[in-house]
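Here the structure is laid out as structure tokens; the discussion comes afterwards.
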Amino acid sequence: MEGITKKCNKCGEEKTATKEYFYADKQFASGLRSICKICSGKHYYENKEQISTQRKEHYYNNQDEILAKNREKYANNYNGVQELSKERYQNNKDVILVTHRLWHSNNREAANARSRDYHAANRDTSNARRRVKA
Ligand SMILES: [Zn+2]
């Protein structure tokens with residue numbers, strides 16, 4: 001493949017026919033897009049507003065439908081998850097309790113260390129947050 005060049009259909013420049021200069025695209029026989037990466041980028045940039053407007057419009061036009069679908073999905077899932085975990089809990093209550101207790105006594109050190117690490121690592125962030133609040 002080395003040395004083979006490919007002419008970009010947009011800027012007309014000869015560039016090495018590799019993925020470094022052209023995006024891969026199985027639609028083309030060469031396996032590469034007919035316009036170079038730079039032109040592909042320009043195309044997106046030039047149409048960015050149009051593309052995002054289209055997306056926004058799609059969302060706006062279908063807002064109710066999208067929201068209703070999401071709500072429905074959540075409601076269905078929510079009950080399912082609740083029922084399932086309740087059932088699992090009832091069936092395995094003893095096992096779960098014993099396992100939890102065991103885990104805690106076995107991992108007390110590890111759990112303490114972890115929370116120490118967490119606080120140390122996040123000291124700056126939590127201080128900053130506190131400062132903002134005050
Ligand atoms: Zn080009």
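Worth saying up front: this structure is predicted, and the values here are computed from it rather than measured. Just follow the structure's listing: the first ligand is 1, and inside any ligand the first atom is 1.
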> Within a radius of less than 6.0 Å around CD of Glu49, do more than 12 heavy atoms belonging to other residues, nucleotides or ligands occur?
Replying inline: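 12 or below, so no.
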> Would you say Lys10 has more than 12 foreign heavy atoms packed within less than 6.0 Å of its NZ?
Replying inline: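 Yes - once you tally the heavy atoms of other residues, nucleotides and ligands closer than 6.0 Å, there are more than 12.
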>> Can you see whether Phe22 has Lys6 sitting over its ring - NZ or CZ less than 6.0 Å from the centre and within 45° of the normal?
In response: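 That pair qualifies as a cation-pi contact.
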> Taking all non-hydrogen atoms of both residues, which atom of Lys37 and which atom of Glu20 are closest, and how far apart?
Replying inline: CD-O, 3.7 Å
> Rest of the hydrophobic cluster containing Tyr59 (Ile/Leu/Val/Met/Phe/Trp/Tyr, side-chain heavy atoms under 4.5 Å)?
Replying inline: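 Ile66, Leu67, all in the cluster of Tyr59.
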> Linking I/L/V/M/F/W/Y whenever their side-chain heavy atoms sit closer than 4.5 Å, directly or via other members, would Ile38 and Ile35 fall into one cluster?
Replying inline: no
> the Zn ion (ligand 1): which protein N, O or S atoms are under 2.8 Å away?
Replying inline: Cys8 SG, Cys11 SG, Cys36 SG, Cys39 SG
